[in-house]
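Lettering follows sequence order; numbering is per chain, from 1.
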There are 2 protein chains.
Amino acid sequence: MPAEHQALTPGQRMPEHVATRLERLILDGVFRPGQLLPSERRLCDRLGVSRASLREGLRILRSKGIIDTRQGHGSTVATLLPVGSQSPLMHLFKDHPRTLFDLLEVRALLEGESARLAASRGTSVDRVLITRRYREMADYAESADTIDVERLARLDHAFHLAVSQASHNPVLVHTLQSLTDLLLSSVFASVKHLYHLPAPRAMINQQHAQLHEAVISGEAEQAEQVALEHLTSITQLLRDLEEEHERLERSSMRLEEWL
Amino acid sequence: MPAEHQALTPGQRMPEHVATRLERLILDGVFRPGQLLPSERRLCDRLGVSRASLREGLRILRSKGIIDTRQGHGSTVATLLPVGSQSPLMHLFKDHPRTLFDLLEVRALLEGESARLAASRGTSVDRVLITRRYREMADYAESADTIDVERLARLDHAFHLAVSQASHNPVLVHTLQSLTDLLLSSVFASVKHLYHLPAPRAMINQQHAQLHEAVISGEAEQAEQVALEHLTSITQLLRDLEEEHERLERSSMRLEEWL
DNA sequence: GACTAATTACTGGTCAGACCAATGCACCAC
DNA sequence: GTGGTGCATTGGTCTGACCAGTAATTAGTC
């Protein structure tokens, strides 16, 4: 592959230029969080710079916390923890279940927008990735037998992530990501319960299918609608679960025993 | 002058080691703020490392804002010591204007929902607070004369915050807050410009009045609509501003040439 | 066949030396 | 003095080599 020269931004040295270009590639979703970047030597060829400059460029990204480098392994795009993930408030949310539904409310909003944009802006590459994630999830879910709930949750998450990434709005992706992480960290046990019960699982599966269909066929409004319903359903299921949980709690069982 | 080998800190690579040693020298007062460091080649001899590693070390210090380097001149110890680290996300979004509009897109969504919920859920106490913030802002804005833009921006922010708090969704409030901080940190200068131009200010004032009215009177749909329009307007204004900014940049000298 | 150890083909980390480009000072002509 | 001019010095970049971890593959062993 030939060197791909791109006009230098005036006033920018080579390393800064390299860093900027790589950042752009990350923002464009070419390199995604968690993904391994090409090797330094490959990037040199690709960007048409020496390894010294390339390495200084990577050093910039490392300083910013954007990539993470390990000798003998490579550089991976850091999993961005956006929007004050370490703020005291977030910790507060974590320990207080009553914020759970507030969280779901915001998440529904973002998830709906995400689905809408994915349907309207998604490229063919995005659609391929979304479908792939969907199939992995659906196949596993239908394989019946004894399913590993944790694994299913991961596949579920990957599917939704793929959809959000197709929105091509990195801010939206990262915000949604952080809210989802927050959600799972607080009620992962409950979510697991949802998968165990047959009725909720069937509903979730059906909604996933609808969401997939709407996004792939580019029906923006439909996609948003389905996503909203999906979150509404989950919220309702969690509400029911909580109710039941409280009933149990009243009979002297403690929350912690379920986590 | 002979090479001065010093025991490597375990787990630290050469560049980090170099950066650490130089930082220590600066803290010890060997190199003082404003002072010119020895040349790279001299530092290489002195520290017993290659220029590549030395340069990566300097790159670290530069990223932290500890030194300032000019070609053909040298590296000087910065007079302003680092102001405080920022999140990786901030770094990534800062230099990329295109993420600005992604950010605004998400913010519009949240701001709309926030206004809607404020109108439908807001209590009488919320309404009193919102009105108070609104009056403080509006009074100051109408006092004409020479207004302190920064103060107006604070009042503006306080008003929007009061509205979002009336949504009674702490997650929404916090997420919105984070995004707003992020926004202001990257384009505060531009936002200031908006307040300076008479036409945008008039439009913003009018939209604030409408938003206040809708929220107070409990017209949820109307409130959401106004909030969305508000953000859309601001986005458009920033787009125009950016365009003009680029035009100026193209037709004149770059800032760096004046430094 | 299954498990373990050596091999090997990567990866990033560091080094040396060369040349380019901007800076700034000393020198010189006017 | 004033304004060029040249040159030594600075940072910026490139090349190619070698060192040092990593991980997958292979060979060897039980």
Side-chain angles (χ1 to χ4, degrees), chain A residues 1-22 31 34-63 65-78, chain B residues 1-22 31 34-63 66-78 253-259:
Chain A
M1 196 176 291
E4 180 183 295
H5 289 102
Q6 185 164 315
L8 269 238
T9 313
Q12 237 185 8
R13 298 289 169 201
M14 215 56 237
E16 285 84 1
H17 178 66
V18 166
T20 302
R21 289 193 58 186
L22 289 176
F31 302 133
Q35 183 178 344
L36 199 66
L37 290 182
S39 74
E40 294 188 350
R41 289 157 177 89
R42 200 174 300 272
L43 283 175
C44 288
D45 291 347
R46 194 81 180 69
L47 301 176
V49 299
S50 74
R51 227 183 123 201
S53 294
L54 188 271
R55 279 180 59 78
E56 287 200 40
L58 293 180
R59 170 73 60 182
I60 293 174
L61 298 182
R62 219 170 306 153
S63 297
I66 293 175
I67 64 169
D68 181 46
T69 305
R70 271 160 50 207
Q71 183 177 175
H73 180 75
S75 294
T76 56
V77 179
Chain B
M1 197 174 293
E4 180 183 296
H5 289 104
Q6 185 164 316
L8 271 241
T9 313
Q12 236 186 10
R13 298 288 170 201
M14 217 55 239
E16 284 84 2
H17 178 66
V18 166
T20 303
R21 288 194 60 184
L22 289 177
F31 302 132
Q35 184 179 342
L36 200 64
L37 290 181
S39 74
E40 295 187 351
R41 289 162 178 86
R42 199 174 301 273
L43 283 174
C44 289
D45 291 348
R46 192 83 179 66
L47 302 176
V49 299
S50 74
R51 230 181 123 205
S53 294
L54 188 273
R55 280 180 57 78
E56 286 199 41
L58 292 180
R59 171 73 61 184
I60 294 174
L61 298 182
R62 221 171 303 153
S63 296
I66 293 176
I67 65 171
D68 180 45
T69 305
R70 275 157 47 206
Q71 180 176 178
H73 178 76
S75 294
T76 57
V77 180
M253 302 188 153
R254 290 189 51 79
L255 175 67
E256 282 78 1
E257 296 178 355
W258 290 93
L259 299 178

**Student:** When rounded to the nearest 0.5 angstrom, what distance separates OG in A:Ser53 from CZ in A:Arg59?
**Tutor:**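 Those atoms lie 14.0 Å apart.
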**Student:** From B:Leu54 CG over to B:Arg41 CZ, what is the distance, rounded to the nearest 0.5 angstrom?
**Tutor:**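 Rounded to the nearest 0.5 Å, the CG-CZ separation comes to 10.5 Å.
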**Student:** Starting at atom CD of B:Gln12, determine the distance to atom P of C:dG13, rounded to an integer number of angstrom.
**Tutor:**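 Taking atom P of C:dG13 as the reference, CD of B:Gln12 is at 14 Å.
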**Student:** Name the residue closer to the 5' end of DNA chain C, choosing between B:His73 and A:Gly72 according to the nucleotide with the nearest heavy atom.
**Tutor:** A:Gly72
**Student:** With a cut-off of less than 4.0 Å, is there a side-chain N or O of A:Arg55 near OP1 or OP2 of C:dG13?
**Tutor:** yes
**Student:** Extract, from 5' to 3' on DNA chain D, the first and final nucleotides lying under 4.0 angstrom from some heavy atom of chain A.
**Tutor:**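 For DNA chain D, the relevant span reads D:dG12 to D:dA23.
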**Student:** Please test A:Asp68 against A:Arg62 for side chain to side chain contact (heavy atoms under 4.5 Å, CB included), starting from the C-alpha separation and ending with a verdict.
**Tutor:** CA-CA 6 Å; A:Asp68 181 46; A:Arg62 219 170 306 153; 5.9 Å; no
**Student:** Without hydrogens or angle criteria, can the side chains of A:Gln12 and A:Thr20 be said to hold a donor-acceptor pair below 3.5 Å?
**Tutor:** yes
**Student:** Measure CG/B:Leu58 against C1'/C:dT14 and give the value in whole Å, please.
**Tutor:** 16 Å
**Student:** Output the rounded distance in Å from CD (A:Gln71) to P (C:dT14).
**Tutor:** 8 Å
**Student:** Quick check: closest heavy atoms across B:Ser75 and B:Thr69, and the distance to 0.1 Å?
**Tutor:**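 So the minimum-distance heavy-atom pair works out to OG-OG1, 2.8 Å.
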**Student:** Which heavy atom of A:Val18 sits nearest a heavy atom of A:Gly57, and at what distance?
**Tutor:** CG1-CA, 4.3 Å
**Student:** Specify the separation, in whole Å, of atom CG of A:Asp68 and atom P of C:dT11.
**Tutor:**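 Answer to the nearest Å: 17 Å.
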**Student:** Output a table of nitrogen or oxygen pairs between the protein and nucleotides 16-19 of chain C separated by less than 3.5 Å.
**Tutor:**
{"residue": "C:dA18", "atom": "N6", "partner": "B:Arg51", "partner atom": "NH1", "Å": "3.4"}

**Student:** If each of A:Glu56 and B:Arg42 is mapped to the nucleotide of DNA chain D with the nearest heavy atom, which maps nearer the 5' terminus, i.e. the 5' end?
**Tutor:**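 Result of the comparison: B:Arg42.
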**Student:** Answer yes or no: does a side-chain N or O of A:Ser39 lie under 4.0 Å from OP1 or OP2 of C:dC10?
**Tutor:** no
**Student:** Where do A:His17 and A:Val49 land on the side chain to side chain contact (heavy atoms under 4.5 Å, CB included) test, with the steps shown first?
**Tutor:** CA-CA 10 Å; A:His17 178 66; A:Val49 299; 5.8 Å; no
**Student:** What integer distance in Å separates A:Leu54:CG from C:dG13:P?
**Tutor:**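 A:Leu54 atom CG is separated from C:dG13 atom P by 11 Å.
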**Student:** Nearest 0.5 Å please: distance from the NE2 atom of A:His73 over to the CG atom of A:Leu36.
**Tutor:**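 Nearest 0.5 Å value for the NE2-CG distance: 5.0 Å.
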**Student:** Going by heavy atoms in the side chains, are A:Arg13 and B:Gln71 under 4.5 Å from each other?
**Tutor:**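 A:Arg13 reaches B:Gln71 side chain to side chain.
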